[in-house]
There are 2 protein chains.
Amino acid sequence: MSDDLHDLVSTQLRRARQRYTPGRRAIIASLATLRRPVTVTELTDGGAASSISSLYRNLSVLEQCGSVRRVVSSDDLTRYELSEALSEHHHHVVCSHCGTVADITLPPTVEDALAKASVLAQNLHGFRVDGHHIELVGACAACTN
Amino acid sequence: MSDDLHDLVSTQLRRARQRYTPGRRAIIASLATLRRPVTVTELTDGGAASSISSLYRNLSVLEQCGSVRRVVSSDDLTRYELSEALSEHHHHVVCSHCGTVADITLPPTVEDALAKASVLAQNLHGFRVDGHHIELVGACAACTN
DNA sequence: CTCCGTGCAAACTTTTTGCAACGGG
DNA sequence: CCCGTTGCAAAAAGTTTGCACGGAG
């Protein structure tokens with residue numbers, strides 16, 4: 001686990017006048033290790049939190065200060081991952097069979113086309129586009145078998 | 001409301017050995033009128049269902065037979081819309097301020113680039129891509145003011 | 001006459017909140 | 001010391017299920 005990461009989170013938290021407590025550190029550590037959107041249950045089971053209420057409260061704090069991102073996909077389990085400020089711009093592949101979500105980076109062709117389309121949306125619909133997220137839905141390697 | 005739509009739904013339901021009851025018809029009618037992902041509450045308030053449990057059950061049936069699609073976005077309200085079999089391939093713009101979700105059609109450049117990227121994901125990660133969904137996140141016209 | 005769909009109420013799951021105790025700054 | 005964080009327990013919100021009635025095939 002890189003100290004850089006913890007320093008970044010620490011800064012983000014301080015900016016929001018929040019502290020980098022052990023509980024929050026454990027969450028960040030887990031997310032950094034797993035490198036994919038993780039369910040709340042996975043976090044508690046993985047020992048990243050002692051109490052569910054604290055976990056939710058800390059995730060909320062970390063989300064608001066921009067350290068983690070809440071990810072909802074097809075199934076009804078809420079997942080969390082490190083924000084793009086702490087990782088990299090990426091997208092998700094969702095297995096419609098087992099519900100697992102994995103990270104994926106898409107080629108510049110897609111990103112460029114999407115950037116242009118965003119400007120269009122802005123002009124046509126008056127919708128200010130701040131970001132985007134692509135979800136590829138299908139069957140993961142394990143579920144294809 | 002086009003009869004075509006109801007005929008299509010009717011066929012989809014029959015294929016799943018289900019009936020096109022008034023309750024289900026009302027849901028489809030609402031979704032067809034609103035033409036955007038709608039929350040469960042919006043459906044009940046709009047008079048599309050008399051009982052919440054029946055609404056959930058019917059949405060589940062309609063989803064399984066391919067008539068409606070469950071849409072989850074950033075906020076925690078589940079939304080439903082007509083499936084692409086009954087509408088057209090489209091994507092969503094999500095207002096991160098008020099949570100509203102609207103439909104948007106993206107230019108072929110994006111779709112093409114994404115199609116190529118999907119093949120890549122398939123080859124690189126062994127993930128069989130069946131479909132995709134793009135979410136543009138930002139601020140809607142009303143919330144920009 | 002037999003099922004399927006419906007509505008009500010209760011159960012269940014997930015998330016949020018109240019409150020008292022703890023501990024770092 | 002003070003205030004933010006924590007853990008427990010209770011509450012709230014959203015969704016699902018059990019059961020009996022009613023209507024359609």
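Quantities reported herein were computed from a predicted structural model and do not represent experimental measurements.
At a threshold of 4.0 angstrom between heavy atoms, the contacts of A:T78 are confined to the sugar-phosphate backbone, with no base atom among them. A:R57 comes within 4.0 angstrom of a nucleotide base, judged by non-hydrogen atoms across all strands. Within the 4.0 angstrom heavy-atom criterion, only backbone atoms of the sugar-phosphate kind lie near A:R24; the bases stay farther away. Nucleic acid contact class of B:T21 (heavy atoms, under 4.0 Å, all strands): sugar-phosphate only.
Atom pair B:R17:CZ and D:dA24:C1' shows a separation of 19 Å (rounding to whole Å applied). As rounded to whole Å, 12 Å separates atom C1' of C:dG5 from atom CD1 of B:I27. The separation between A:Y20 atom OH and D:dT6 atom P is 12 Å, rounded to whole Å. Remark: P of D:dC3 and CD of A:Q18 are 16 Å apart, rounded to the nearest angstrom. Protein atom CG of A:D45 is 12 Å distant from nucleotide atom P of C:dT14, rounded to whole Å. One atom, CZ of A:R14, and another, C1' of D:dG4, lie 16 Å apart when rounded to the nearest Å. Distance A:I52 CD1 to C:dT13 C1': 11 Å, rounded to the nearest Å. If you take CG of B:L59 and C1' of D:dT16, they are 13 Å apart, rounded to a whole angstrom.
Remark: side-chain polar atoms of B:H90 are paired, donor with acceptor, to backbone N or O of B:E88 under 3.5 angstrom. Checking side-chain atoms of B:T39 against main-chain N and O of B:R79 turns up no donor-acceptor pair under 3.5 Å. A donor-acceptor contact shorter than 3.5 Å is absent between the side chain of A:R36 and the backbone of A:V101.
Figure legend: cation-pi geometry between B:R14 and B:Y20 absent, as NZ or CZ is not positioned both under 6.0 Å from the six-membered ring centre and within 45° of its axis.
A residue-by-residue look at B:R19 and B:S54 shows that B:R19 has its nearest nucleotide of DNA chain C further toward the 5' end. Sequence order on DNA chain D of the closest nucleotides to B:S53 and B:L77 puts B:L77 first from the 5' end.
Between B:Y56 and D:dT16 there is no side-chain N or O to OP1 or OP2 distance below 4.0 Å.
Candidate nucleotides C:dG7, D:dT16, D:dG7 were compared by shortest atom distance to the side chain of B:S51, and C:dG7 ranks first. Closest to the side chain of B:N58, from the set D:dG7, C:dT6, D:dT15, is C:dT6.
Aromatic rings of B:H133 and A:H92 (six-membered ring for Trp) have centroids beyond the 6.0 Å cut-off, not under it.
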